[in-house]
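These notes concern the structure reproduced below.
Ligands are counted one by one from 1 in listed order, and the atoms in each one are counted from 1 as well. The first residue of the sequence shown is numbered 1, and numbering continues consecutively from there.
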Amino acid sequence: MTLTPEQALEQAALAGIHCLRIPTPFAVGRVNCYLIEDEPLTLVDTGPNSGKALDELESQLGEHGHSIDELELLIVTHQHIDHLGLAEIVVQRSGAEVAALGVAAERLANFDEDAEAEDRFAIELMLRNGIPEEVTVALRSVSRSFRGWGSHVGVTHPLGDGQVLPFRDRTLRAIHRPGHSPSDTVFWDEERRILIAADHLIAHISSNPLLTRPLDGSAERPQALVTYIESMKKTREMPAEIVLSGHGDPIVDHVALIDDRLAKHERRKEKIHALIAEQPRNAYEIAQAIWGNVAVTQAFLTLSEVIGHADLLVNGGRVREVDGGEVTRYEAVV
Ligand SMILES: [Zn+2]
């Protein structure tokens, strides 16, 4: 029998996992952090670096009889600022250890330099895919203004893929599920069939497979959607009953949700193929054909969507990239 999302939250709470909904200034709304009442006393993600988020984190921990000072372990699920912005403050106040994916540790430690490098990567990618320069300039200042909500994170417990984190009353297995970001890590309680999935799966919105620099520092552009689809297929095979998300409600039927998302990507891929078959287009032109004149703040998101699906078509041999000087175009393989 499938649980309702409310029952799922109750069941998680009975297992000592409490959802704290922390406000963010971003379009996504609140971020879900999780208090795990166990030894060590653990917080999964922190919310963004803002006074409002800090106040809410403190008061919601207080509702469960705890405070930031008491936290012994902080788990960071991935590199996005809405999830880790208060990490430095939480660690300063509590002295908590920090567990996160080991291969992401360097990136998490060098937040500012990393954000700069990420912006340079994004701008180059946007220009090469036909986005007008003024849009990239505007996006760069948006990105810089967001940076204050982030934080660098000193990882004291670097986790390997598949590594088990032992607690007094449970074990959580850290599993790398890249795609939404290169560092996405989910935490699996096999005994209770609870998966803490953060932004790997979100019930009400499709997790954007954002184009991001690879964690290993190589210059090659990663195929974020291809990677994300592989990750979703692996999660689909897990016998999870409750999937706790980074935003919104818990997921109580992850197989149906993943099947739905895979079908959606398949439809979008065909739509993009039809546009390219009609005439060669660059990624920006494809985005405009689908979404019209997208808001500046959405330009990189929609570009990530288009390139992700174009990658699937290129890998499948149905489309090829043509280097048209400064801008890359896609054309159909006949
Ligand atoms: Zn995220």
The Zn ion (ligand 1) to H80: nearest N/O/S atom name: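 The nearest such atom is ND1.
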
The Zn ion (ligand 1) - name of the N/O/S atom of H78 that sits closest to it: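 Sorting the N, O and S atoms of H78 by distance to the Zn ion (ligand 1) puts NE2 first.
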
Ion pair E37/R168, N-O distance below 4.0 Å: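 So E37 does not pair with R168 through a salt bridge.
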
Carboxylate-amine/guanidinium proximity below 4.0 Å for R107 and E118: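 Counted as a salt bridge, because a side-chain N and a carboxylate O are separated by less than 4.0 Å.
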
Flag for N32-R21: side-chain donor and acceptor within less than 3.5 Å: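 Yes, because at least one side-chain N or O of R21 sits under 3.5 Å from a partner of the opposite role on N32.
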
Whether D199 has an N, O or S atom under 2.8 Å from the Zn ion (ligand 1):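 Here the distance criterion (N, O or S atom, under 2.8 Å) is met by D199, so yes.
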
H180 and its ring pair (Phe, Tyr, Trp, His ring centres under 6.0 Å) partner, picked from H247, H200, H80: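 Answer after filtering H247, H200, H80: H80.
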
